[in-house]
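Heads up: the structure comes next, in structure tokens.
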Amino acid sequence: MQTLKTPVSLCVALFLAACTSVVKEQPYTEDENSARAKADQVKMYADQEPVTGPISFYEAAARALKYNLDYRLKLMESALSANLRDVSSHEMLPRLVASAGRTGRSNDSGGTSIGIEDRQVSLRPSTSEERYHNIAGLGLSWSTLDFAVGYYRTAQRNDQILMAEERRRKVAQNVLQDVRSAYWRALGAQRLLPQVDGLLARTNDALRQAREAQDRGLLPRQEILAYQRALLDSVSLLTQRRQDLEFAQAELRALMSLPPNQPMQLVDTPDPRLPKLSADLSQLEQVALVRRPEIQEEWYRQRVNQRDIEIAKAQLWPSVGVDLSTRYDSNQYLYNNHWQAAGIEVSINLLRLLQLPALNASQQSQKDTDEMRRVALSMAVLTQVRIGALRYGLAMHELQFAEESLVVDTKLLDYARSARKTSLGSELELIRAEGRFLLSRYQREAAQSTAQAAWGRLYNSVGLDVFPTTIQSYDIKSLAQEIEKITLTMENQRLRGAVSGENSPRLAQ
């Protein structure tokens, strides 16, 4: 008896000590934070194909899809949903439980018997169980309720995998839209930054000469101050535009997951022709209602919600349980130390049947709510398509106006260069003309990127996928070619009814 009390007392003492102990939070040290930051930086740019030449638009799209961290996160969420589905599918299998152990007690078990009528002891105290003995068993059990719940849970996981896939599609579409906008702005920056830097240097030099002239008293004070004011305004405007251009390049690097100091050269090709939309957008709207990831995800969510009700209903009906097991007990007083057991049981909670009318009403309400949410989302999608088409049309008009402004400012610059003389006033007019010309170039490049972004938003509002299903299996070059091929096919087929045959003229560089 003493041998049993000692370990029991020790276990109780350890349990009480564990319950009363307070777990203190340990903040990370500076060294740990530094090591974590370095490891995260390595992961950001790990396993990327190096940039070996100028980057085209389709290569930029391929790099963004393959290496963008947000998109890679959605891929991992899809894989997690698939793993959870595999876990749920095992819940439909029978339970096979193996057990083994050793039992003991401080004294003998047993008892006596008494007569029912006279209450007299008829047997002396006896036992049929050893104080210490080993037990083991292997049991197989299966329940129709567990099978039904596991079946519906697995079906829900399948739908959640499809929902995760639709979220992945949406992230990919957003990434491509952002790349389309950032690429053309970055290309405009690549075209304009050298000219802007050159004009800034000339403007600063002219400003220095004006200050020297002021110090020497070569010109009237009011005239020289007005001249400096005009130069400072030109420097301020050019500096703002230069910042916008640099931001565009930084944004494109981030979308492609390139390091901030990574040299980047873009392919300077003539701007592609942008199509003109027809007045009838019914086909675009129909494609959007079929293809938009948000609507598809909402439709799958409706099935997930309905299966929650089906699980609750399954718990109302009779549950049939089957048990098969084999047992072993080392107790020497047993006549049979090995035996097999089998049983079947049918059970039902009768009071839970009262929930059936409420569950039916809840199922109908859930269905109506989900359908109304999907219809409201569909209406929002149609509005986005209409607004996207309107923005695209306005962007095309803005681009046309920027083209006309650029033509006028180009002629003014030619005139200023022809009329240039040695006086400060003529130099100022030339700098002003060059500044207006560069501003028109900037506005033209901005209008081009805005039109490209509007075209990308229209793609996004329709829900078109211009990328293959399995992106990770492609290298950058092959993925870029596949994206270009799918894009051209999509524009020729999916959008044929909504795009007029007349293309806008190729825009001047």
Side-chain angles (χ1 to χ4, degrees), residues 54 57 180-211 226-253 263-272 274 394-454 504-509:
F57 166 71
R180 185 181 290 271
S181 175
Y183 181 86
W184 295 108
R185 288 190 291 116
L187 182 57
Q190 178 178 291
R191 293 168 176 171
L192 295 180
L193 273 176
Q195 300 180 42
V196 172
D197 290 340
L199 184 57
L200 277 173
R202 287 185 55 210
T203 305
N204 287 324
D205 186 62
L207 185 61
R208 179 183 56 79
Q209 294 178 9
R211 288 169 179 166
Y227 180 69
Q228 292 182 49
R229 177 74 266 172
L231 290 175
L232 288 172
D233 291 341
S234 178
V235 169
S236 176
L237 183 59
L238 289 175
T239 302
Q240 293 177 2
R241 295 296 179 258
R242 193 183 191 285
Q243 292 176 354
D244 294 340
L245 297 174
E246 288 184 343
F247 289 157
Q249 292 183 327
E251 181 181 353
L252 183 60
R253 281 192 182 92
M264 184 180 66
Q265 182 74 18
L266 304 181
V267 177
D268 194 354
T269 58
D271 295 336
L274 291 172
L394 294 176
M396 293 297 292
H397 286 300
E398 181 182 353
L399 180 57
Q400 183 178 2
F401 178 79
E403 282 287 337
E404 295 174 355
S405 298
L406 180 58
V407 171
V408 173
D409 288 326
T410 301
K411 294 179 180 179
L412 288 175
L413 178 59
D414 293 338
Y415 177 79
R417 285 173 177 171
S418 300
R420 181 180 180 182
K421 297 180 181 180
T422 58
S423 64
L424 285 176
S426 297
E427 181 67 19
L428 175 60
E429 289 303 321
L430 180 58
I431 290 177
R432 284 178 173 175
E434 290 183 354
R436 284 194 300 267
F437 170 75
L438 283 182
L439 180 60
S440 293
R441 283 288 308 278
Y442 173 84
Q443 291 173 342
R444 187 264 170 197
E445 297 294 342
Q448 169 68 18
S449 63
T450 300
Q452 289 285 349
S504 61
R506 187 177 298 277
L507 303 175
Q509 299 302 309

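All residue numbers in this chain count up from 1 along the given sequence.
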* So, for A402 and A447, which heavy atoms are closest and what is the spacing to 0.1 Å? -> CB-CB, 4.0 Å

* Structure fact -> When rounded to the nearest 0.5 Å, the distance separating CG of L439 from CZ of R444 is 14.5 Å

* **Q190 CD to D268 CG distance, which is reported to the nearest 0.5 Å** => 6.0 Å

* Structure fact -> Rounded to the nearest 0.5 Å, the CG atom of D409 sits from the CD atom of E404 at a distance of 12.0 Å

* **Partners meeting side chain to side chain contact (heavy atoms under 4.5 Å, CB included) with V408 (sequence neighbours left out)** => L412

* Asked: Taking NZ, NE, NH1 and NH2 as the nitrogens, is one of them in R185 or E445 under 4.0 Å from a carboxylate oxygen of the other?
  -> no

* Does the side chain of Q443 come within less than 4.5 Å of E398's, by heavy atoms? -> no

* Any idea which heavy atoms bring A186 and L252 closest together, and the distance? -> CB-CD2, 3.8 Å

* Asked: Quick one: salt bridge (Lys or Arg N to Asp or Glu O under 4.0 Å) partners of R180, sequence neighbours excluded?
  -> none

* Structure fact -> Nearest heavy-atom approach of W184 to F57 is NE1-CD1, 4.3 Å

* Asked: Is Q249 close to L193 at the side-chain level, that is, under 4.5 Å between some pair of heavy atoms?
  -> yes

* To do: Side-chain contact test, heavy atoms from C-beta onward, threshold under 4.5 Å: evaluate it for L399 versus T450 and give yes or no.
  => no

* **Derivation of the side chain to side chain contact (heavy atoms under 4.5 Å, CB included) call for V267 and L187** => CA-CA 8 Å; V267 177; L187 182 57; over 6 Å; no

* Do Y442 and L406 come close enough that some side-chain heavy atom pair is under 4.5 Å? -> no

* To do: In sequence, state the C-alpha distance, the side-chain angles, and the governing distance for Q195 and F437, and then conclude on side chain to side chain contact (heavy atoms under 4.5 Å, CB included).
  => CA-CA 11 Å; Q195 300 180 42; F437 170 75; 4.2 Å; yes

* Structure fact -> For A395 and A451 the tightest heavy-atom approach is CB-CA, 3.7 Å

